[in-house]
Amino acid sequence: MAAASHREILRILSGIVPGMFLAALDQTIITTPLPTMAAELGGVEHLSWVVSIYLLTATAATPIYGKLSDLYGRRGLLQGAIVIFLAGSALAGLAQTMPQLIGARALQGLGGGGLITLAQTVIADHVSPRERGRYQAYLSGVWATASVGGPVLGGLFVDQLNWRWVFWINLPVGALALLLCWLALRHLPQHYERRSIDYLGALLLTLGVASLLLVAAWGGSQFPWLSAPILGLSAMGIALLLAFALQELRAQEPILPPRLFRNDIFRVANSCATVVAMVMFGTTMLLPIFLQLVAGMSAGRSGLVLASLTGGSVVGAFSSGQIMRATGSYKRQPLVGLSLATLALILLASMSADTPVVLTGAGLALLGVGVGATFPVMLVAVQNATDPRDIGAATSAVNFFRSMGGSFGAALLWSVLITALSYRLSGNGAPGLPESGIALLQGGAEAFAKLSPALRATVLPALAGSFHVVFAAAAVLNVIALAIASLLRELPLRTTPSAIAPRSAAERLSAD
């Protein structure tokens with residue numbers, strides 16, 4: 001197979017970019033309206049599940065998409081993922097209770113698990129790792145539009161229309177994505193091999209991850225860390241994941257082929273991506289709460305401030321891609337990026353209600369640049385070190401571990417916030433002061449604004465101090481990610497796309 005021309009690659013990009021935009025927009029537009037959703041639907045104690053359940057179902061679906069695409073091709077699966085995502089979006093917009101919203105988000109995640117993974121796999125099929133920086137501008141443009149516009153658009157919907165529009169906006173965008181995907185990718189080869197799929201492995205993996213996610217979400221808030229429910233869920237989660245590992249060893253077509261884990265680059269890159277995702281997703285979920293409750297910003301204004309975080313991540317990703325193209329190396333970027341992100345988190349840990357907006361935005365932008373410079377490197381490093389027969393499974397594995405880290409990060413940092421706030425408020429004798437952090441957050445920004453000056457003078461420092469603990473915990477996680485990134489082995493970047501690359505690592509190295 002000959003390498004694709006620049007014109008052919010642009011045509012392929014036109015078919016996958018709309019799906020990527022849909023997924024990127026959903027990740028950013030939902031951050032600003034989260035407090036308003038909780039206030040209207042009730043059940044703020046389940047707020048983390050609005051984010052986590054999407055990540056959980058996307059996590060479970062991602063390896064299946066990757067494996068199926070290796071067997072049957074990418075186009076049909078990508079179109080199916082868009083349809084499932086749109087169905088979930090419509091139901092989320094119609095939700096009347098928090099459980100209904102969480103259920104709709106679960107369906108969204110089943111579709112969303114394929115949108116980015118399959119798009120990244122198609123890119124790997126037709127663009128070499130070394131040349132990917134040439135097209136990073138197009139991909140960064142997608143993320144820039146969604147990253148900067150998402151939080152702002154979400155805030156405008158809350159302030160001017162209704163939070164439900166954050167889901168309904170997906171319908172026209174998704175219809176366009178479906179059409180362009182069909183037109184641009186209809187000439188890609190489709191494979192129809194009759195092979196068994198490891199559905200038992202997928203089930204064991206989903207149940208195991210869900211059990212451990214419940215531990216992170218409930219530990220310290222719903223139940224004490226050493227209580228029977230938490231210890232029982234921990235034991236069940238570990239047992240299910242061990243059963244999953246044994247199933248993968250015996251399955252004919254494992255969801256996550258064990259041979260991938262023999263590669264040290266695969267192990268290190270995925271470990272780093274998991275921890276970085278814990279930081280990124282966890283802080284992204286909690287920052288709107290800080291900006292609206294502690295800093296007293298409107299939903300629209302908090303969206304503008306959050307745009308500095310997501311915009312910074314685009315700058316970091318684009319810069320990282322260009323450096324990889326120019327130098328053919330990739331290890332230095334995450335080391336520098338994660339160092340910058342750690343400094344940013346230390347800065348955020350010192351924020352208060354009186355912190356100037358410019359300083360807050362600068363800290364968020366620095367965090368975005370650091371994290372943005374890291375994620376693309378981990379993906380390219382894995383794809384570069386993987387045999388072409390496993391490129392779909394390897395790409396989905398990166399997104400799987402990233403989603404798993406995001407799920408745990410969102411739940412864990414939410415639990416840290418609730419625990420710290422409840423501790424700070426416990427024993428305070430001021431009349432009307434809620435004893436529980438959950439009770440304080442239940443009413444959202446409007447109820448918080450109605451507190452008397454005396455109560456607010458007590459609550460505000462407690463809430464700000466609790467966020468200091470959250471950002472400090474995120475900084476510790478980021479240092480762990482930096483230590484892992486230092487272990488990443490550098491392999492010369494391939495100059496051929498995966499679709500025409502040699503099958504073995506030895507052949508690939510001799511070819512390059």
Side-chain angles (χ1 to χ4, degrees), residues 27-35 47-52 54-55 143 147 150-151 154 216-217 272-295 297 302-314 316-317 337-352 355 357 359-375 402-421 441 463-482:
Q27 290 182 15
T28 59
I29 197 174
I30 196 175
T31 57
T32 314
L34 281 175
L47 180 61
S48 65
W49 280 99
V50 176
V51 176
S52 297
Y54 177 92
L55 295 173
W143 286 97
S147 298
C272 182
T274 299
V275 181
V276 175
M278 293 179 69
V279 175
M280 187 63 173
F281 283 91
T283 54
T284 299
M285 184 194 73
L286 293 178
L287 277 168
I289 300 175
F290 175 87
L291 295 175
Q292 293 178 39
L293 296 188
V294 177
M297 298 182 186
S302 67
L304 288 172
V305 175
L306 282 172
S308 62
L309 170 65
T310 48
S313 68
V314 172
L338 291 174
S339 298
L340 294 176
T342 302
L343 291 176
L345 288 166
I346 294 174
L347 175 63
L348 294 176
S350 65
M351 290 192 309
S352 67
T355 300
V357 175
L359 185 60
T360 302
L364 295 179
L366 186 62
L367 175 62
V369 170
V371 172
T374 303
F375 277 134
R402 177 179 172 179
S403 296
M404 187 171 68
S407 299
F408 282 106
L412 183 61
L413 292 185
W414 174 260
S415 180
V416 169
L417 174 64
I418 294 300
T419 302
L421 183 56
L441 299 175
L463 188 55
S466 300
F467 271 101
H468 294 167
V469 176
V470 169
F471 293 131
V476 172
L477 289 174
N478 213 69
V479 170
I480 294 173
L482 179 60

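Everything numeric here is computed off the predicted structure, so don't read it as measured data.
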Exercise for review: Rounded to the nearest 0.5 Å, what's the gap from OG1 on Thr342 to CG on Leu477? Could you check?
Suggested key: 10.0 Å
Exercise for review: Measure the shortest side-chain to side-chain distance between Leu348 and Leu364 over non-hydrogen atoms and say whether it is less than 4.5 angstrom.
Suggested key: yes
Check your understanding: Atom CG of Leu482 and atom OG1 of Thr374: how far apart are they, to the nearest 0.5 Å?
Key -> 9.0 Å
**Study point:** CA sep, side-chain torsions, deciding dist, call: Leu366, Leu347, side-chain contact (heavy atoms from CB on, under 4.5 Å)
**Key:** CA-CA 10 Å; Leu366 186 62; Leu347 175 63; 5.8 Å; no
Practice item. Could you tell me which non-hydrogen atom of Leu338 sits nearest to which non-hydrogen atom of Asn478, and how far apart they are? Key: O-ND2, 2.9 Å
Practice item. Nearest 0.5 Å please: distance from the CG atom of Leu463 over to the NE2 atom of His468. Key: 9.5 Å
Revision key, fill the gap. Rounding to 0.5 Å, atoms CG (Leu340) and CG (Leu345) come to a distance of 11.0 Å
Point to revise | Shortest non-hydrogen contact from Ala481 toward Cys272 | key: O-SG, 3.7 Å
Exercise for review: Applying side chain to side chain contact (heavy atoms under 4.5 Å, CB included), name anything that partners Val371, two or more places apart in sequence or on another chain.
Suggested key: Val276, Met280, Ala341, Leu367, Phe375
Revision key, fill the gap. For Gly363 and Ala344, the nearest pair of non-hydrogen atoms, with its separation, is O-CB, 3.4 Å
Point to revise | Interatomic distance, Leu291 atom CG to Phe467 atom CZ [nearest 0.5 angstrom] | key: 8.5 Å
Review point. What pair of heavy atoms forms the shortest contact from Thr283 to Leu413, and how long is it?
Key: N-CD1, 3.9 Å
Exercise for review: Check step by step if side-chain contact (heavy atoms from CB on, under 4.5 Å) holds for Phe471 and Leu287.
Suggested key: CA-CA 10 Å; Phe471 293 131; Leu287 277 168; 3.6 Å; yes
Check your understanding: Shortest non-hydrogen contact from Arg402 to Ala277?
Key -> O-CB, 3.1 Å
Check your understanding: What is the minimum heavy-atom distance between Ala349 and Ala472, and which atoms define it?
Key -> CB-N, 4.1 Å
